Structure formats: structure tokens, C-alpha cells
Amino acid sequence: MSEDTDALLDALERIAERFDEEQDYLTELDSRIGDADHGNNLARGMREVVEKRDEIADEPLDEAVKTVGMTIVSEVGGSAGPLYGGSLMTASQELEGGLDEASAVAFAEAYREKLTDRGGASPGDKTMVDAVKPAVDTFKRAVEEDDLPAVDALAKAVDAAERGVEYTVGLRAAKGRASYLGIRSVGHRDPGATSTYFALQELLATLEDRVGAADATDAYAADAAERGGE
Ligand code: ADP
Ligand code: MG
């Protein structure tokens, strides 16, 4: 298994666990401005993804992400399934040459583009776009302009997504089921923006664990070399 695919499997397991823990909360959010299925949909979809771990383990990263997207499209109903899954399927092509900072930025941008093409939502419409857009813009800027390593860029993106989620509270929904409520949608956090933020948090935690483990190995090796040299 490639190191990238191994990291992906870790991230998927964490996201599945998080969606399971937050299932009732996400469904509660969706019950206020939707039809109370967002948490159940995502938790079930991610359980199905994790069930495919053996298949995913044998694939290069781009194919593995595509399999995740296809599984989400077929298992998660509603708007969120095709939006999450379809965007992952399209964006997976950017990972064909493997994962580095440049391909991660290309992946993030392709994800946002597919999401907005498919759903037709603009920022401020009170959808998952309100978490995705600031996260992707921040990630890109942090990598390309501030030259930050991926883990630090992702940490900033997660903060941006969190602010995006809070911003949805005051918005009136203009897309999806919540838009039927009109002005009554104001005052509630958007479920899809919230689940996007949770998924990004788990992606960050996976990366932090891996960077932490690599740093510890490096420190151990340096320490051993020093002791060996005494
Ligand atoms: P459904 O609304 O079909 O029940 P879910 O409850 O699973 O689907 O997902 C609802 C979430 O989907 C919303 O909170 C919103 O973030 C997102 N969403 C709905 N429509 C759109 C759209 N056109 N573009 C982007 N996101 C959307
Ligand atoms: Mg719903």
C-alpha cells in the first residue's frame, strides 16, 4: 500500500468515527432547516466507505479517492451525497501524480469548482460552499503565498471553515431544502457546512499525527546518532 493511501485510510476512519459521533447533532441541525437526515446519511455513507477499506488499500491515491466519491454518491442520498461524492470523484483526478502541496491545492480547487458547478450555490447562500470556499482560498494562499507546509496550511483552512460555519447562522438560505423556509432559515447553522468543517478537522488531525510521528522518528534518529558519536 502506498503511504498516501495509508494516510487516506486513516483519515477515512477518523471521519467515519466523527460522523458517527456527530450524527445526532448534524441531524438536529438538519431538522431545524431541512428534513432531519443529514447526520444519518453521512454516517451511513462513511460506514460503507470504511467497509471498502481492503479495496481502497490496493489502489493508488487518485483511484482510492475516486472509489470513496463513488461510494458516497451511491450510499448517501439527498443533496449532500452527490455534492460531496461527485466533487471528490472529479477532484481525485488531480492526485494522479501523487500527493504534494501543489496537487493538494489543485485537488482543493477542483473540489470547490465541481461543488459550485453542480449545486449552483454562491458564497452567502447558506450551504456547504460557505465552509468550502474560505477553506480552499485560505489553503491555496497559505501554500502559494506564505509557503507554509501542508499541515500548517490545512490548520489555517480549518479555522477558515469554522468561521464560515458561524457565518451561515445569520444567513438566509438561497439553495437546497432550507431555502423553502425563506427568512425562517436565519438563526440556524447550516448542516452541510458543519459536516464539511468536521471532515476537515479530522483530515488535519490525521496529518498532524503523521507529521508528529515523523518528527519523533527524526528526533530519535538524531539523538541516536549523537549518542553513537560520543
Ligand atoms: P437534503 O437537503 O437533500 O436532505 P442533506 O440533508 O444530506 O440533503 O444535506 C443538506 C445540506 O446540503 C445543506 O445543509 C447544504 O449545506 C447542502 N446543500 C444543499 N443544496 C446545496 C447546493 N445547491 N449547493 C451546495 N450545497 C447544498
Ligand atoms: Mg436533509
Side-chain angles (χ1 to χ4, degrees), residues 1-27 37-78 80-101 103-108 110-112 114-115 128 131-132 135-136 139 150-151 153-155 157-158 161 191-214:
M1 192 185 341
S2 79
E3 177 134 349
D4 290 345
T5 303
D6 188 44
L8 174 69
L9 282 173
D10 272 2
L12 294 172
E13 275 177 15
R14 288 189 87 121
I15 293 168
E17 211 171 290
R18 183 72 185 275
F19 282 175
D20 223 44
E21 284 164 17
E22 306 282 5
Q23 176 171 342
D24 290 348
Y25 174 64
L26 290 170
T27 290
D37 64 353
H38 191 63
N40 313 24
N41 281 348
L42 286 184
R44 192 188 58 251
M46 284 308 294
R47 272 198 296 275
E48 290 298 324
V49 166
V50 169
E51 287 279 304
K52 291 198 177 166
R53 65 167 302 138
D54 292 345
E55 182 186 330
I56 291 169
D58 287 336
E59 294 174 330
L61 186 65
D62 60 321
E63 291 293 326
V65 173
K66 191 171 170 196
T67 301
V68 173
M70 282 165 59
T71 308
I72 292 175
V73 168
S74 63
E75 299 294 336
V76 181
L83 290 168
Y84 261 116
S87 304
L88 285 174
M89 283 170 66
T90 301
S92 70
Q93 295 166 37
E94 304 298 332
L95 302 175
E96 203 183 325
L99 186 63
D100 55 20
E101 264 100 12
S103 67
V105 169
F107 173 85
Y111 182 96
R112 180 195 51 204
K114 184 70 189 179
L115 175 66
M128 49 178 76
V132 169
V136 172
F139 185 70
V151 64
L154 187 58
V158 169
T194 308
S195 60
T196 297
Y197 165 58
F198 290 158
L200 287 173
Q201 271 191 319
E202 296 308 318
L203 199 59
L204 174 62
T206 308
L207 214 61
E208 282 175 342
D209 272 2
R210 294 202 154 232
V211 170

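In this chain, numbering begins with 1 at the start of the sequence shown. Please read these numbers as outputs of a predicted model, since none were measured by experiment.
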Response to the item:
Value for CG (L99) from CD (E3), rounded to nearest 0.5 Å, stands at 10.5 Å
Worksheet item: Any side-chain heavy atom of Q93 within less than 4.5 Å of one from D62?
Response: no
Fill in: Distance in Å, M46 CE paired with R14 CZ, rounded so as to fall on 0.5 Å steps
12.5 Å
Practice prompt. In plain terms, say whether D37 and R44 are close enough for a salt bridge, that is, a side-chain N and a carboxylate O under 4.0 Å apart.
Written response: no
Fill in: side-chain contact (heavy atoms from CB on, under 4.5 Å) partner of L26, chosen from T194, N40, N41
T194
Worksheet item: Pick from V132, T90, L88: which one makes a side-chain contact (heavy atoms from CB on, under 4.5 Å) with L115?
Response: V132
Worksheet item: G45 and E75: which non-hydrogen atoms are nearest, and at how many Å?
Response: CA-CB, 4.1 Å
Fill in: Full working for side-chain contact (heavy atoms from CB on, under 4.5 Å) between D6 and R210
CA-CA 11 Å; D6 188 44; R210 294 202 154 232; 2.9 Å; yes
Worksheet, complete the sentence: For V50 and A16 the tightest heavy-atom approach is CG2-CB, 3.6 Å
Discussion item. Tell me whether E21 at atom CD has more than 12 heavy atoms from other residues, nucleotides or ligands lying less than 6.0 Å away.
Written reply: yes
Discussion item. If we check side-chain contact (heavy atoms from CB on, under 4.5 Å) with T206, which of these qualifies: L8, D10, L9, V211?
Written reply: D10
Worksheet item: Looking only at heavy atoms, which two atoms of A43 and Q23 are closest? And how far apart?
Response: CB-OE1, 3.2 Å
Item to complete: Taking all non-hydrogen atoms of both residues into account, name the closest pair between F139 and A150 and its distance.
Response: CE1-O, 3.9 Å
Discussion item. Just verifying a value: how many Å separate E63 CD and D58 CG, rounded to the nearest 0.5 Å?
Written reply: 12.0 Å
Fill in: From T67 atom OG1 to E59 atom CD, the distance as rounded to the nearest 0.5 Å
3.5 Å
Worksheet item: Relative to each other, are the rings of Y84 and H38 parallel, tilted or perpendicular (30° and 60° limits)?
Response: parallel
Worksheet item: What are the two closest heavy atoms between A135 and A161, and how far apart are they?
Response: CB-CB, 4.1 Å
Item to complete: Applying side-chain contact (heavy atoms from CB on, under 4.5 Å) between I56 and each of T71, T5, L61, report the one that passes.
Response: T5
Fill in: Close side-chain approach of L207 and L203, heavy atoms under 4.5 Å
no
Worksheet entry | Which atom of A199 lies closest to which atom of F19, heavy atoms considered | CB-CZ, 4.1 Å
Worksheet item: Could you give the distance from CD (E51) to CZ (R47), rounded to the nearest 0.5 Å?
Response: 9.5 Å
Fill in: Pair S103, D100: side-chain N/O donor-acceptor within cut-off below 3.5 Å
yes
Response to the item:
Interatomic distance, NZ@K66 vs CG@L95, rounded to 0.5 Å, equals 12.5 Å
Item to complete: Give a yes or no on whether E55 atom CD has more than 12 heavy-atom contacts from other residues, nucleotides or ligands under 6.0 Å away.
Response: yes
